[in-house]
There are 2 protein chains.
Amino acid sequence: MTRWLDDDEQQTWRAFLWTSRLLNESLDRQLQRDSGMPHTYYVILAMLSEAPGRRLTMTELARVVRSSPSRLSHAVTRLEKEGWVRRVPHPTDRRTTMAELSDEGFTTLVEAAPGHVEAVRRHLFDPLTREQVLQLREILRAVLPALDTEDEAADIFGPA
Amino acid sequence: MTRWLDDDEQQTWRAFLWTSRLLNESLDRQLQRDSGMPHTYYVILAMLSEAPGRRLTMTELARVVRSSPSRLSHAVTRLEKEGWVRRVPHPTDRRTTMAELSDEGFTTLVEAAPGHVEAVRRHLFDPLTREQVLQLREILRAVLPALDTEDEAADIFGPA
DNA sequence: CACGATTATTTGAGTCTTCAAGTATTTAAA
DNA sequence: TTTAAATACTTGAAGACTCAAATAATCGTG
């Protein structure tokens with residue numbers, strides 16, 4: 001027997017669906033227009049910029065951006081064409097490739113960041129009270145771990 | 001001056017990003033595997049099934065599924081090839097096309113629904129308390145309207 | 001009633017993602 | 001030490017989405 005959604009759940013689910021879709025599309029348009037990249041690629045640059053030496057193994061990078069190896073490989077190929085990322089051989093393991101953020105990539109990221117953060121703030125945080133932000137964080141802290149393969153969620157909330 | 005995200009906001013934003021992405025990908029895989037369609041297409045069938053006469057104008061349908069006209073047109077073309085949807089001319093306005101759910105489409109939807117709802121429940125609602133579900137609904141009710149062009153959000157929460 | 005503006009929809013090219021398959025290298029074990 | 005299994009990554013084809021442009025029909029106004 002299927003347990004269908006009651007009215008509260010139905011409303012919540014549809015609202016979540018459209019909010020996440022529309023927010024993502026909005027960020028995509030903003031970044032595409034102002035910086036020539038979709039949101040996914042912005043996140044790749046952002047995560048690389050936070051890594052020691054601004055470089056990560058393809059596998060590590062895939063892990064932090066929650067990407068399949070295939071998607072990431074295609075993405076890095078594109079980012080490489082833009083000159084924003086370089087593929088560097090791993091010093092000891094010849095199977096692995098490292099993706100390294102170039103100076104141009106870093107500059108592009110720095111220029112893209114303000115507009116992107118503005119958009120996130122305006123769309124997501126401005127309409128919420130502080131209490132709601134904290135509630136939302138707890139809600140997501142409950143939902144995310146089961147979706148995350150491995151224990152990636154700890155990287156967001158801290159391992160504490 | 002850019003107002004950057006503080007720690008709470010940063011955690012909340014990243015958690016939201018990955019939760020929505022991973023949830024969507026998970027639903028896509030489940031539906032693709034079990035019913036041969038991505039989640040977007042399931043939603044199109046679902047919305048048509050709720051319409052009077054199981055048919056809507058392309059424009060109306062685009063509105064309820066928050067799709068661009070172009071995306072919807074491509075999607076309906078694919079759904080038509082599957083035999084799940086038919087394009088029917090509008091009785092009075094020859095510019096407009098109506099999309100109509102076929103009996104096969106309805107059957108497919110009915111068969112797909114239980115597995116899909118299970119997945120939504122398991123991933124989103126099982127980890128949350130009732131209070132959190134209601135909190136989440138209020139949060140989304142605050143965020144969605146600004147993202148929705150027109151006042152579509154009323155269709156979810158009721159115009160009251 | 002003409003005709004420019006608006007509305008409704010489609011098309012095609014380019015991009016991004018997915019999935020399945022393939023290559024290369026390292027690890028582990030017999 | 002040779003070889004099967006595991007790991008790391010890439011490739012190509014197919015599907016889906018975006019954007020810009022095109023077509024078609026109706027509306028509003030003079």
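Just so it is clear, the model here is predicted, and its values are computed rather than measured. Proteins come first, then strands; the chains are lettered A, B, ... in the order of their sequence lines, and each starts at number 1.
Here D:dT18 presents its P atom at 14 Å from CG of A:Leu27, a figure rounded to the nearest Å. Nucleotide D:dA16 holds its P atom 14 Å from the NE2 atom of B:His39, rounded to whole Å. Straight-line distance from the CE atom of B:Met37 to the C1' atom of D:dC17: 19 Å, rounded to whole Å. Rounding to whole angstrom units, CZ of residue B:Arg66 and P of D:dA16 are separated by 22 Å.
Ionic pairing of B:Glu118 and B:Arg122 is not present here: no N-O contact between side-chain nitrogen and carboxylate oxygen is shorter than 4.0 angstrom. Salt bridge A:Arg87/A:Glu80: present, at least one basic N to carboxylate O contact under 4.0 Å. Salt bridge A:Asp7/B:Arg137: absent, no basic N to carboxylate O contact under 4.0 Å. Salt-bridge annotation for A:Glu138 and A:Arg141: present, with a side-chain N of the basic residue lying under 4.0 Å from a carboxylate O of the acidic one. Between B:Arg71 and A:Glu25 there is a salt bridge, with a side-chain nitrogen of the basic residue lying less than 4.0 Å from a carboxylate oxygen of the acidic one.
Under the 4.5 Å side-chain criterion, counting only non-hydrogen atoms from C-beta, A:Ile156 is in contact with B:Arg14.
Between the side chains of B:Glu131 and B:Thr129, not a single donor N or O lies within less than 3.5 Å of an accepting N or O. B:Thr108 and B:Trp84 form a side-chain donor-acceptor contact under 3.5 Å, judged by distance and modelled atom types alone.
Residue B:Asp28 is out of contact with every strand shown, counting any heavy-atom pair closer than 4.0 Å. When heavy atoms are screened at a 4.0 angstrom cut-off, B:Arg21 is found touching no nucleic acid atom at all. A:Arg87 comes within contact range of the sugar-phosphate backbone alone, with a heavy-atom separation under 4.0 Å but no base atom that close.
Both B:Glu60 and A:Arg78 lie near DNA chain C, and the one whose nearest nucleotide falls closer to the 5' end is B:Glu60. Residue whose closest nucleotide on DNA chain C sits further toward the 5' end, between B:Glu25 and B:Thr57: B:Thr57. In terms of position on DNA chain D, the residue among A:Met58 and B:Gln32 whose nearest nucleotide sits closer to the 5' end is A:Met58. If A:Thr96 and B:Thr40 are placed on DNA chain D by their nearest nucleotide, the residue sitting closer to the 5' end is A:Thr96.
Of all nucleotides in DNA chain C, those with any atom nearer than 4.0 Å to a heavy atom of chain A start and finish, going 5' to 3', at C:dC16 to C:dT26.
Of the residues in residues 67-77 of chain A, those placing a heavy atom less than 4.0 Å from an atom of DNA chain D are A:Pro69, A:Ser70, A:Ser73, A:His74, in numerical order.
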Quick one: side chains of residues 29-47 of chain A, donor-acceptor pairs under 3.5 Å with protein atoms, not counting sequence neighbours, listed by atom name and distance.
{"residue": "A:Gln30", "atom": "NE2", "partner": "A:Asp34", "partner atom": "OD2", "Å": "3.0"}

